[in-house]
Amino acid sequence: MKKLFAMLTVAATGVVATAQTNPFFAEWNTPYGIPPFSQIKCEHYIPAIQEEIKQQWETVCKIAESNETPTFDNTIAPLELSGELLSRVGGVMYNVAETDRTDELDSVVRAAIPLMSAHSAAINFNKKLYERIAQLYHGDQSALTREQQMVLKKHFESFERNGIALPADKQDRLKEINTQTTLLGQKISSNILAENNAFKARFGVGISEYPQAMATTTDRAKREAMWKAYTTRCANGGEHDNKALVLEVMKLRIEKANILGYKTPADYILEPKMAHTPAAVDEMLKGIMDKAVVRARSEVKEMQVLMDADVKAGLLPVGSKIEPWDWWYYSEKVRKAKFDLDDEIIKPYFKTERVIKGMFLAAERLYGIKMEELTGVPSYNDLVVKTYKVIDADGSLLGIYTTDFHPRDSKRGGAWMNNVREQYVDADGKMVRPIIVNVGNVGEYLTIDEVQTLFHEFGHALHGLLSQCHYPSVSGTSVTRDFVEMFSQFNENWAFQPDLLKLYAKNDKGQTIPASLVKKIEQAACFNQGFMTTELCAASILDIKWHELESVDGINIDEFEKKVCDAMGLIPEIAPRYRSTYFNHIFASGYSAGYYGYLWAEVLDKDAFSVFEKGKSVWNKDLSMRFRRTFLERGGSEEPMVLFEQFMGRKPDNTAFLKGRGL
């Protein structure tokens, strides 16, 4: 704690000097409390973090030192709200750092991480605070609401899982590990962004455009070069190589698990998740992988027929066989041959702005909400960010939603949802509505996969926007990793519903997508699912195998990956969706031992959607409102399986999942 206050004291003069000009020290008199992004400069973050750490610590100490008998209202409730101001800074800083990165902002984040980590540790190892919470947890909870019970449970388990019972030297080591791991993750992420930009500079293709480029590039040698460069990012030596960083992260995670009494990081990480154990994850993934590989082998045979035709036509050398860099190209040729589908014919009907309109129309039909675009409001990038007011059927405000789908060199790859502000009820009993951002990297016109991506991320956004919880720690998407993806993937089910397509899938001439083309899209729904499922499952297995390790001594990353891929039965024509050195999800984005969650949650989402499919129409308002009330409004205020069984009346069944994947 002395070290923390020493760090805070260093810039005390700076805090005073900037108090009059730092936007974080003033009320935001902006529409809907949107951050005044244009006023926030890099020099504002650290002083604000330091001051707000100080304020939260004063609140924590007041709670911990209280002589009053602990109650939810005098202990947990003020603790829940103690981080309001700090969350405000983080909500801005981390979002901007991921979308409009600069070297200066990178330096700010690196400086912020030790401060935030030390502060978090000071709270997590506050013995008096823990004792008050433990007394509550082990006492009579019958007077608490179910949400309050879940919040109390979350705080108690957080203390237990962070090592409150450990001796001081072990706690000190955990503090060091947590800070080092976060800093390493930030470095890994920065290296991936740098390598992504280098790939684009070399090939003229952004990472988000890679699948499309591989599907349309006729030059096989160029495809091979692109594939090799793509799959060896951050693994070629030099300043952006992540191999040593990955091993160091895993070494630290193993040490942390051991200190806390667990054999492996997977044992520790999975304990509070729906899956609960590594064995459960292994069993699920093996069952999916075995089926997916069988399907993938049949897809290789179909592609080889077309490659053989190219050999016969003299376009390729005799004896040419399908290689990993051929998959996108020849699978697209198979799709054209089997379904007469061509992305260049499809894309004109899926302009990004019209797809966004389609997302909004689906949400209105399902949940009764409306989206109203706002102009003249603050944003972190006025050129590309669009902002919307989300209104419920009764006219009340649900939240603010922003989109940022334009690719640029300053933005990390992929697509995601983040909170700039959480949903909760403040100390005055006022409902605070969330500010949600969806970020992606897509062009003006979208492929089928990209349409699904936008619907996916909007599903996360709806989970945040529709939240009706009281406490921030359980609101919105504050649920387990293997549950949170249920709602993003559930939202994908609406993207290609024929009657919705009639409303939004139009070309620039205003012509609606032809019914014949819609039919082809439906028929091709399970196309290439052997490949898609195999590469996703392979990445999930690679993730869990990293986290099942008891030591990384002597490990060579390439050899480890080969061993894991051989053991899972991965065919040579397919690589895992992510290899270790650019697996941002698990080494820098909170999905460690959690990437399986996409498949786990897909079982849940497809099972739930099957209920909609059994009716006369999937647009069943009563059913969708029950889905909203059961899941989307309740966040983590109840155990995931309890919510699922409340909606379904039974435990999950994977039949719909297997059917949806064509397995």
Side-chain angles (χ1 to χ4, degrees), residues 113-114 117 121 161-163 166-167 169-192 195 231-271 273 275 277-282 285-286 538-570 575-596:
I113 286 170
S117 183
R161 287 177 53 76
N162 278 296
L166 294 172
D169 61 328
K170 298 292 187 183
Q171 290 183 355
D172 288 342
R173 180 56 186 151
L174 283 179
K175 294 173 189 177
E176 294 171 355
I177 289 172
N178 291 337
T179 300
Q180 291 171 21
T181 303
T182 306
L183 287 168
L184 286 166
Q186 199 253 348
K187 177 60 175 173
I188 287 170
S189 187
S190 295
N191 285 345
I192 294 170
E195 290 280 281
T231 58
T232 57
R233 282 173 291 156
C234 302
N236 297 297
E239 62 176 324
H240 299 131
D241 193 296
N242 277 339
K243 285 185 175 180
L245 299 179
V246 164
L247 291 174
E248 184 61 23
V249 167
M250 286 312 309
K251 182 180 178 181
L252 290 170
R253 286 179 179 170
I254 291 168
E255 183 183 357
K256 177 177 179 176
N258 293 163
I259 289 173
L260 290 166
Y262 295 85
K263 191 175 182 181
T264 70
D267 291 311
Y268 169 68
I269 294 167
L270 290 171
E271 187 178 58
K273 305 296 192 292
T277 66
V281 175
D282 289 337
L285 293 177
K286 184 181 187 307
S540 302
I541 293 172
L542 179 60
D543 167 33
I544 202 69
K545 292 306 173 187
W546 268 118
H547 291 91
E548 288 176 351
L549 289 174
E550 297 178 35
S551 171
V552 291
D553 291 347
I555 282 188
N556 174 285
I557 288 181
D558 292 332
E559 292 174 359
F560 175 76
E561 288 186 346
K562 184 179 186 307
K563 180 180 178 181
V564 170
C565 290
D566 288 347
M568 73 174 77
L570 184 64
R577 178 173 293 182
Y578 299 103
R579 294 187 64 190
S580 304
T581 55
Y582 54 92
F583 208 159
N584 194 78
H585 279 78
I586 70 169
F587 291 115
S589 292
Y591 275 79
S592 51
Y595 200 67
Y596 77 92

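Here the structure is a predicted model, which is why all the values come from computation and not from measurement. Below, all heavy atoms of this structure are taken into account, side chains as well, without hydrogens, waters or symmetry copies.
- Residues satisfying the side chain to side chain donor-acceptor pair (under 3.5 Å) criterion with Lys286, sequence neighbours excluded, are Asp290.
- Using a 4.5 Å cut-off on side-chain heavy atoms (C-beta onward), Leu174 and Asn162 make no contact.
- For Ala280 against Ala275, the heavy-atom pair with the smallest separation is CB-O, 3.4 Å.
- Tested against Lys243 for a side-chain hydrogen bond (donor to acceptor under 3.5 Å, both in side chains), the candidates Asp558, Asn556, Asn236 yield a single pass: Asp558.
- Using a 4.5 Å heavy-atom threshold, the side chains of Arg579 and Thr232 count as touching.
- Considering all non-hydrogen atoms of both residues, Ile544 and Ala266 come closest at CD1-CB, 4.2 Å.
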Using residues 184-191 as the side-chain source, report each donor-acceptor pair under 3.5 Å to any protein atom, sequence neighbours left out, with the distance given to one decimal.
{"unit_1": "Ser189", "atom_1": "OG", "unit_2": "Asn584", "atom_2": "OD1", "d": "3.2"}
{"unit_1": "Ser190", "atom_1": "OG", "unit_2": "Gln186", "atom_2": "O", "d": "3.1"}
{"unit_1": "Asn191", "atom_1": "ND2", "unit_2": "Asn242", "atom_2": "OD1", "d": "2.8"}

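- Using cut-offs of 30° and 60° on the angle between ring planes, the pair His585 and Tyr578 is tilted.
- Contact of the Val281 side chain with the Lys273 side chain is not registered, since no non-hydrogen atoms from C-beta on lie closer than 4.5 Å.
- His547 places none of its side-chain heavy atoms less than 4.5 Å from the side chain of Pro278.
- Taking both residues in full, the closest heavy atoms of Thr264 and Glu548 are given as CG2-O, 3.2 Å, listed atom of the first, atom of the second, then distance.
- Here the side chains of Ile555 and Trp546 are in contact, with some heavy-atom distance below 4.5 Å.
- The existence of a salt bridge linking Asp566 and Lys562 is confirmed by a sub-4.0 Å separation between a basic side-chain nitrogen and an acidic carboxylate oxygen.
- Side-chain contact check for Phe587 versus Thr581: every heavy-atom pair is 4.5 Å or farther apart.
- In this structure, Ile541 and Leu570 have side chains that are not in contact, with every pair of non-hydrogen atoms separated by 4.5 Å or more.
- At least one side-chain heavy atom of Glu271 sits less than 4.5 Å from a side-chain heavy atom of Arg161.
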May I have the step-by-step check of salt bridge (Lys or Arg N to Asp or Glu O under 4.0 Å) for Lys251 and Asp553, ending in yes or no?
CA-CA 8 Å; Lys251 182 180 178 181; Asp553 291 347; 5.8 Å; no
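- The side chain to side chain donor-acceptor pair (under 3.5 Å) test applied to Lys256 returns Asn178, not counting sequence neighbours.
- In this structure, Leu542 and Phe560 approach most closely via the heavy-atom pair CD1-CE2, 4.1 Å.
- To the nearest 0.5 Å, the span separating CZ on Arg173 from CD on Gln180 amounts to 5.0 Å.
- In this structure, OG1 on Thr231 lies 5.0 Å from OH on Tyr582, to the nearest 0.5 angstrom.
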